[in-house]
Amino acid sequence: MNVKNQRRKELLAYIRRRSGRRFLISILSEEFCVNVRTIQADLRFLEMYGQIKRTPSYNSLHRQNGNIIVYTGSR
């Protein structure tokens, strides 16, 4: 298994354990020691293949502050 697939597998497991919570891309990139763009690409990939569903989260000033990510893959 290559590094990209291993990271995506670990990211999916991380999201599965915390499904339904708000995630910040910057925190995920620090957690997995990769660039923000890399995490964004991984999340797009997982969403495209039906493993997760992302919904923007907004603060009281109507500014986006993360995403609510729900695991939708098989149990």
Side-chain angles (χ1 to χ4, degrees):
M1 183 177 291
N2 66 24
V3 175
K4 183 190 303 187
N5 289 336
Q6 182 63 33
R7 183 185 61 248
R8 286 177 176 169
K9 185 178 177 181
E10 291 172 9
L11 177 60
L12 190 59
Y14 183 87
I15 290 169
R16 186 176 180 185
R17 287 191 304 270
R18 295 163 181 80
S19 183
R21 295 188 185 164
R22 184 172 58 90
F23 291 88
L24 296 174
I25 301 296
S26 59
I27 300 299
L28 289 174
S29 71
E30 289 175 13
E31 181 76 26
F32 289 93
C33 301
V34 294
N35 191 307
V36 170
R37 299 270 184 176
T38 302
I39 289 293
Q40 290 171 335
D42 289 345
L43 291 174
R44 271 193 306 274
F45 177 86
L46 293 172
E47 188 170 33
M48 185 173 70
Y49 284 98
Q51 297 295 304
I52 63 169
K53 180 172 174 27
R54 293 186 289 174
T55 306
S57 172
Y58 296 94
N59 64 16
S60 61
L61 299 174
H62 303 290
R63 293 186 181 143
Q64 186 175 350
N65 71 342
N67 289 293
I68 304 295
I69 301 178
V70 178
Y71 176 77
T72 58
S74 61
R75 296 284 168 186

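This chain uses plain numbering: 1 for the first residue, then up along the sequence.
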Could you state the interatomic distance from [atom1] ([X]) to [atom2] ([Y]), rounded to the nearest 0.5 Å?
X	Y	atom1	atom2	answer
Ile69	Leu28	CD1	CG	6.0 Å
Ile39	Leu24	CD1	CG	12.5 Å
Ile15	Arg21	CD1	CZ	12.5 Å

Is it the case that the side chain of [X] and the backbone of [Y] share a donor-acceptor pair, with hydrogens and angles ignored and the cut-off at 3.5 Å?
X	Y	answer
Ser29	Ser26	yes
Arg16	Gly73	no
Asn59	Leu61	yes
Ser57	Gly66	no

[X]-[Y] co-clustered via ILVMFWY side chain contacts under 4.5 Å:
X	Y	result
Tyr49	Tyr14	yes
Ile68	Phe23	no
Val34	Val36	yes
Met48	Leu12	yes

Student check: side-chain heavy atoms of [X] and [Y] closer than 4.5 Å:
X	Y	value
Arg63	Asn65	no
Leu11	Leu43	yes
Gln51	Tyr71	yes

Step-by-step side chain to side chain contact (heavy atoms under 4.5 Å, CB included) determination, Phe32 to Thr38: CA-CA 10 Å; Phe32 289 93; Thr38 302; over 6 Å; no
Pairs satisfying salt bridge (charged side-chain N to carboxylate O under 4.0 Å, His left out), at least one member in residues 35-54, at least two apart: Arg7-Asp42, Arg8-Asp42, Glu47-Arg54
